[in-house]
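The block underneath contains the structure these notes are about, expressed in structure tokens.
Not measured: the values here are computed from a predicted model.
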Amino acid sequence: MADVPEIEVVVAHSERATVRAGDVFLKIDADPDHADVEVAAMAMAPVPTPEVLWRNPPVLALAALRGRALGRLGEPSTASATAWAAAGAAVRTLHDAPLPPWPGPSLDERATRLDRECGWLVANDVLPSDLVTRNRHIAEAALRPWTPVFTHGDLQVDHVFVDGDEVTGVLDWSEASRGDALFDLATLTLGHEERLGDVVAGYGADVDLDVIRAWWSWRSLVVIRWLTEHGFDPSAPGCEVDVLRARM
């Protein structure tokens, strides 16, 4: 790393930061449990993940992945339909793997979070009440019993890297746990509804599309406060607020 020409800040907020130095990503997290989960999950996951180069808490050093992100929220994806299908197949491989030993958020915890965040959105006039009410009604369809699988837990589209039509790795495993398979599929396709068919085709199993759409509403509603408080803009074109408006 002595010959690194520059340092790139990939993401930075009050909870964590990631910087790139050449071919090395340095993740600094205020909560050491996040790194514990990330390292353990990557060791268990049957899909490509970044190589752990070293760890010196609170810093975790990971090797860069080949290729580029499958897409970005708020931007059209230039990846092929085959690449999106390959991402779906990779998710299916993960979901078919043995469960991690630690639990994920429960159904009651998901419901409580939805209630709390919808109340905050309306009380603070962040979004129109009819928009919140409509999407909350949709989101409630996701809050049903599920058979737990090994989930990534934060499978945003920019956490999946591809080179051509090949998935080369999946990033950011700190929220991996036992969870609902459809939550991962919904997170991956959030803001990229037109790619859902490709992902489901690659996943290779019957899925309830209404539940995926419900998770789109749930995730968009519950993250707006966090995004706003950490310097992100959920009202940017194609992002969470637009996802909610598309349900009206």
Side-chain angles (χ1 to χ4, degrees), residues 10-11 18 20 23 25 27 37-52 62-100 104 142 146-216 219-220 238-239 243:
V10 179
V11 64
T18 301
R20 180 169 186 167
D23 291 331
F25 284 87
K27 301 185 69 174
V37 169
E38 180 156 15
V39 171
M42 289 193 295
M44 295 178 60
V47 297
T49 63
E51 178 188 359
V52 177
L62 302 171
L65 291 171
R66 176 168 51 89
R68 60 179 180 173
L70 184 63
R72 305 282 181 190
L73 184 61
E75 301 176 10
S77 171
T78 59
S80 68
T82 303
W84 280 88
V91 177
R92 179 62 184 275
T93 299
L94 175 65
H95 291 170
D96 286 343
L99 292 169
W146 56 74
T147 300
V149 300
F150 188 169
T151 58
H152 180 280
D154 190 27
L155 197 63
Q156 299 178 52
V157 64
D158 57 351
H159 290 168
V160 178
F161 269 59
V162 295
D163 188 1
D165 297 333
E166 174 193 0
V167 174
T168 58
V170 180
L171 299 169
D172 288 348
W173 291 81
S174 63
E175 295 183 43
S177 68
R178 303 178 187 185
D180 180 16
L182 300 189
F183 181 75
D184 270 354
L185 294 177
T187 305
L188 178 62
T189 55
L190 184 77
H192 293 276
E193 186 170 354
E194 75 283 358
R195 300 292 194 164
L196 179 58
D198 297 327
V199 170
V200 171
Y203 192 74
D206 291 334
V207 300
D208 189 329
L209 298 182
D210 287 337
V211 173
I212 289 179
R213 296 184 183 102
W215 279 126
W216 286 342
R219 183 176 175 97
S220 297
C239 294
V243 171

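Counting heavy atoms from C-beta on, the side chains of V157 and H159 never come closer than 4.5 Å. P148 is not listed as a side-chain neighbour of D180, based on a closest heavy-atom distance of 4.5 Å or more. You'll find the side chain of S174 stays beyond 4.5 Å of the side chain of D154, heavy atoms only. Taking the side chain as every heavy atom from C-beta outward, L209 and V200 approach each other to under 4.5 Å. Using a 4.5 Å heavy-atom cutoff, the side chains of M42 and L62 are in contact. A heavy-atom distance below 4.5 Å is found between the side chains of W173 and T49.
Partners of D96 according to the side-chain contact (heavy atoms from CB on, under 4.5 Å) rule, which considers only residues two or more places apart in sequence or in another chain, are R92. Residues satisfying the ring-ring contact (aromatic ring centres under 6.0 Å, His included) criterion with F25, sequence neighbours excluded, are absent altogether. Qualifying side-chain hydrogen bond (donor to acceptor under 3.5 Å, both in side chains) partners for E193, counting only residues two or more places apart in sequence or in other chains: R247. By the salt bridge (charged side-chain N to carboxylate O under 4.0 Å, His left out) test, D172 pairs with K27, sequence neighbours left out. Every salt bridge (charged side-chain N to carboxylate O under 4.0 Å, His left out) that D210 has, sequence neighbours left out, goes to R213.
Considering every non-hydrogen atom in both L171 and P50, the closest pair reads CD2-CG, 3.4 Å. Between F150 and A176, the closest heavy-atom pair is CE2-CB, 4.2 Å. L99 and M44 get closest at one heavy-atom pair: O-CE, 3.8 Å. When all heavy atoms of P46 and A97 are compared, the closest pair comes out as CG-CB, 3.6 Å. The two atoms that bring V167 and P48 nearest to each other are O-CG, 3.9 Å, heavy atoms only. In this structure, C239 and G74 approach most closely via the heavy-atom pair SG-CA, 4.1 Å.
A donor-acceptor pair is defined here as one N or O able to donate and one able to accept, closer than 3.5 Å; such a pair exists between the side chain of S80 and the backbone of A83. R195 contributes a side-chain N or O that, together with a main-chain N or O of S77, makes up a donor-acceptor pair within less than 3.5 Å. At least one donor-acceptor pair closer than 3.5 Å links the side chain of H152 to the backbone N or O of L155.
Ring orientation note: the planes of W215 and F183 are nearly perpendicular, at an angle over 60° on the 30°/60° scale. Between H95 and Y203, the ring planes lie perpendicular to each other; the angle is over 60°, past the 30° to 60° tilted range.
Note: W216 CH2 to L182 CG = 11.5 Å, rounded to the nearest 0.5 Å. The distance from atom CD of E175 to atom CD of Q156, rounded to the nearest 0.5 Å, is 8.5 Å. The distance from the CG atom of L190 to the CG atom of L196 is 11.5 Å, given to the nearest 0.5 Å.
Side-chain polar atoms of T151 and D184 form no donor-acceptor pair below 3.5 angstrom.
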Taking distance alone, no hydrogens or angles, what donor-acceptor pairs closer than 3.5 Å link side-chain atoms of residues 63-73 to residues at least two apart or in another chain?
from : atom 1 : to   : atom 2 : distance (Å)
R66  : NH1    : D163 : OD2    : 2.7
R66  : NH2    : E166 : OE2    : 3.3
R68  : NH2    : T78  : OG1    : 3.1

